[in-house]
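Remarks on the structure that follows.
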Amino acid sequence: MTTAPWRDTALPAAARVDDLLSRMTLEEKTAQLYGVWVGAATDGEGVAPLQRDMAAEHDWDELITLGLGQLTRSFGTAPVDPGVGARALAGAQRRIVAAGRFGIPAVAHEECLAGFTAWGATAYPVPLAWGAAFDPGLVAELGRRIGHDLRSVGVHQGLAPVLDVVRDPRWGRVEETIGEDPYLVGTVGAAYVRGLESAGVVATLKHFAGYASSAGARNLAPVRAGVREFADVTLPPFEMALREGGARSVMAAYTETDGVPVSADPRLLTELLREQWGFTGTVVADYYGIGFLRTQHRVAEDEAGAAHLALAAGIDVELPTLRCYGAPLVTAVRAGRVPEALVDRAARRVLLQKCELGLLDEDWQAEPRGPVDLDSAGNRALARRLAEESVVLLDNPGGLLPLAPGARVAVVGPRAADPLAMLGCYSFPSHVLPHHPGVPVGIAIPTVLESLRAELPDAEVSFAPGCEVTDTDTAGFAEAVARAAEADVCVAVLGDRSGLFGRGTSGEGCDVADLRLPGVQGELLDALVATGVPVVLVLLTGRPYALGRWAGRLGAVVQAFFPGEEGGPAVAGVLSGRVNPSGRLPVSVPRGTGGQPWTYLQPPLGLVGEVSSLDPTPLYPFGHGHSYTEFAWEAGTGAGITELGTDGSYDLPVTVRNTGDRAGAEVVQLYLHDPVASVTRPDVRLIGYRRLELVPGESRRLTFRFHADLSAFTDRSGARVVEPGALELRLGPSSVEVRHTARLRLTGPVRTVGPERMLRCEVVCEAVDGAADVLAD
């Protein structure tokens, strides 16, 4: 029997796909352009926006005779034992292969925002905690492990990472982001992509683009970002993750910008993404995003019109299930409403990716690879390490922390004894299990309370919840105050409950009007402080909350952003002193509950001044965090001005020494200040950093290799340029604390830069004796 050219692995992928397309009917080609979501709820509360209205039932046996593009969330829809799920997915793939004329498997995709969203899989810290760790190398390992777990059960594509840059912390999905700075988001996000792709899993960047800039911090609200904000804040993380991470898929955002929905915007999805950036992978719709062109945006009169707009814009795959790209699209093509060339273009991209994944090969097998363990000891160790690195010590003015080993400790608060306090909304227990009451969580999640008791076996630890997360009932205050009054120190564990679409205080669709602590937790904290017993505030949240009300009144403040299944031991380790805190804020912590939105990327008129009675200065700035040890910094630069061309580079050295009595990590941060430019610029912005772990007395020399490209911005014409003039490079442990400054003057002509510009600052790290390693983080 002669093998068809499209099955011949010796041929180039493009030739194979061209041969296959030439053999396919219109119906078979369109079948490659949608997913099917088996088991998705069509009534009640769902896990996708407007799922009840948009989900539909399909005849599976009839559908797969045409082939199938994607299988949606075989593991993330309902609780299923991972081994059983792997066998069921393999069985579904065999049925797809047997039913279709060409025997092409589907791409199976799953959510993997903070771990594989499957029952029994490791729940890692949320991306905001990744940002707090300032450790791209560790995040790359996280991506690799998650990718390995996905592939072990037959999943090909992961819907992560989220590369939205926080613009308003009231937005519910802040927990899913990496932070409020595009350089931090880009470097950490690209590392995750590298890890996921190294395991053979297609990483999907989301949400492209502008989703986090929605007006009023409302989920899916219109975006009113200006051209320069979009170009200089929103887009760079995606560009970095594509260029340096190698992501093979992009998800179109739900939102509209200046009246144009992303899902119908060829300037964004084709001209920018493909023609300018050179992207060759697949663009997938966010769940029901194509249908929303008709129902929410009202730019299409029917499903066929929505399909036409989305295909023309550049969306290749409709997710989570077919609605517009099925029969309505076929009918429209037959009637001449939609050019068949658009179907061919999308099908070619989908099939090229399937070819890359081996799904067009004759010897492809659907069987899962060996035994399935989605919460291995190695996974948990990584989850613990990332959680420990991400905990931020915001304040410790009197050295109250670490806690004394034999102290009387009152643990108070609604988050202290709840395992779910550790998890974000895209963890399986928070995302899916609320729809399946009575099903066990499936993984061990130690609480802060039990972890602290394990950390301090000689301490006398009492507990009272005080209140619930959102209830207004204060009946529990009396017991909580009594426990605190009897203790040497009170640990108040407060924060969020993650959920979806208003079913939590943080998470998708859980936007807030202001940044006060949820429910009556603020009043509980007031009552505890009033006892006169020193209070350590521990926050387990998905966003920053305003803490100015307690400034100067607390013994210490510890922030953890949903630190995952090992978050309890990590937080307790910081409290006990076993862990030396090294996290740094990826988002500013505001002083007041109002006066928002505010992030640190502000031009002069966005800062405090006499023209407004509102002071937006944060209580704790971006990049801030304390340690239990001390570090001395010594720069090797002079006080003069160095001149270099607008295409030049400059080395900025600094030596950091641990002057304390215990090992610790310093995060050295490099910021750019542009005193005069043709358009207003942020007062400072991050352009480089390096996490540096040092034992007592150890020194390391860092050299930040600044290139003039890192000063580029979008000018009045819309071009990205490097302008001549003065610049300041500022080294410090946060965005407001400057340890050393280098003054530069760029000379020569204005230089236009494109996608090939330098995106990151290379950092050389060497021991004082000369051994060196180079990192671009």
Side-chain angles (χ1 to χ4, degrees), residues 6 14 16-36 54 56-59 62-70 99-102 104 106 250 252 254 256 259-275 279-354:
W6 68 272
R16 295 174 64 186
V17 169
D18 286 344
D19 177 68
L20 177 58
L21 280 171
S22 71
R23 301 165 184 264
M24 300 176 85
T25 66
L26 173 62
E27 288 81 1
E28 288 168 333
K29 288 185 288 190
T30 57
Q32 294 297 317
L33 307 186
Y34 52 71
V36 170
M54 301 297 288
E57 300 285 352
H58 299 285
D59 186 328
E62 180 181 351
L63 197 67
I64 62 176
T65 61
L66 297 172
L68 183 61
Q70 296 225 358
R101 194 160 63 100
F102 297 99
I104 302 170
V250 170
Y254 286 126
E256 61 186 68
V260 179
V262 170
S263 295
D265 191 353
R267 292 173 303 173
L268 186 63
L269 300 182
T270 296
E271 293 173 21
L272 175 68
L273 182 62
R274 295 190 183 276
E275 295 172 8
F279 177 65
T280 60
T282 56
V283 175
V284 302
D286 205 343
Y287 283 15
Y288 308 118
I290 296 176
F292 287 169
L293 292 175
R294 180 182 72 84
T295 63
Q296 304 301 310
H297 297 294
R298 295 191 302 205
V299 295
E301 63 180 359
D302 55 19
E303 279 81 6
H308 189 186
L309 285 172
L311 272 176
I315 295 182
D316 304 309
V317 182
E318 180 177 25
L319 296 180
T321 199
L322 79 159
R323 188 177 184 89
C324 303
Y325 276 15
L329 176 58
V330 171
T331 301
V333 172
R334 298 277 189 221
R337 288 181 60 189
V338 179
E340 188 170 353
L342 292 177
V343 173
D344 291 344
R345 182 178 73 171
R348 178 174 283 104
R349 293 167 180 164
V350 169
L351 292 170
L352 279 170
Q353 195 151 89
K354 287 192 172 187

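Along the sequence shown, residues are numbered consecutively beginning with 1.
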**Residues which pass side-chain hydrogen bond (donor to acceptor under 3.5 Å, both in side chains) with T30, listed by chain and number, not counting sequence neighbours** = none

**Asked** CZ of R337 to OG1 of T331: how many Å apart, nearest 0.5 Å?
**Response** 9.5 Å

**Asked** Is there a side-chain contact between E318 and L329, using heavy atoms and a 4.5 Å cut-off?
**Response** no

**Item:** Validation row: Q70, V350 side chains within 4.5 angstrom (heavy atoms)
**Value:** no

**Request:** Using the six-membered ring wherever Trp is involved, compare the ring planes of F102 and W6 and label them parallel, tilted or perpendicular (cut-offs 30° and 60°).
**Result:** perpendicular

**Request:** Kindly give the heavy-atom pair with the smallest separation between S263 and A252, and that separation in Å.
**Result:** OG-CB, 4.1 Å

**Message:** Among L20, V17, D316, which residue satisfies the side-chain contact (heavy atoms from CB on, under 4.5 Å) criterion with R348?
**Reply:** V17

**Request:** Evaluate the side-chain proximity of L268 to L273: yes if any heavy-atom separation is below 4.5 Å, no if none is.
**Result:** no

**Interatomic spacing from CD in E340 to CZ in R334 - rounded to 0.5 Å** = 7.0 Å

**Message:** For the CD1 atom of I315 and the OH atom of Y325, what is their distance to the nearest 0.5 Å?
**Reply:** 5.5 Å

**Request:** With rounding to the nearest 0.5 Å, note down the distance linking CD in E256 to CD in Q296.
**Result:** 10.5 Å

**Message:** For a quick test of reading the model, state the closest non-hydrogen atom pair linking E27 to V330 and the distance between them.
**Reply:** OE2-CG1, 3.7 Å

**Complete:** Here the pair of heavy atoms bringing K354 nearest to L68 is NZ-O, 2.9 Å

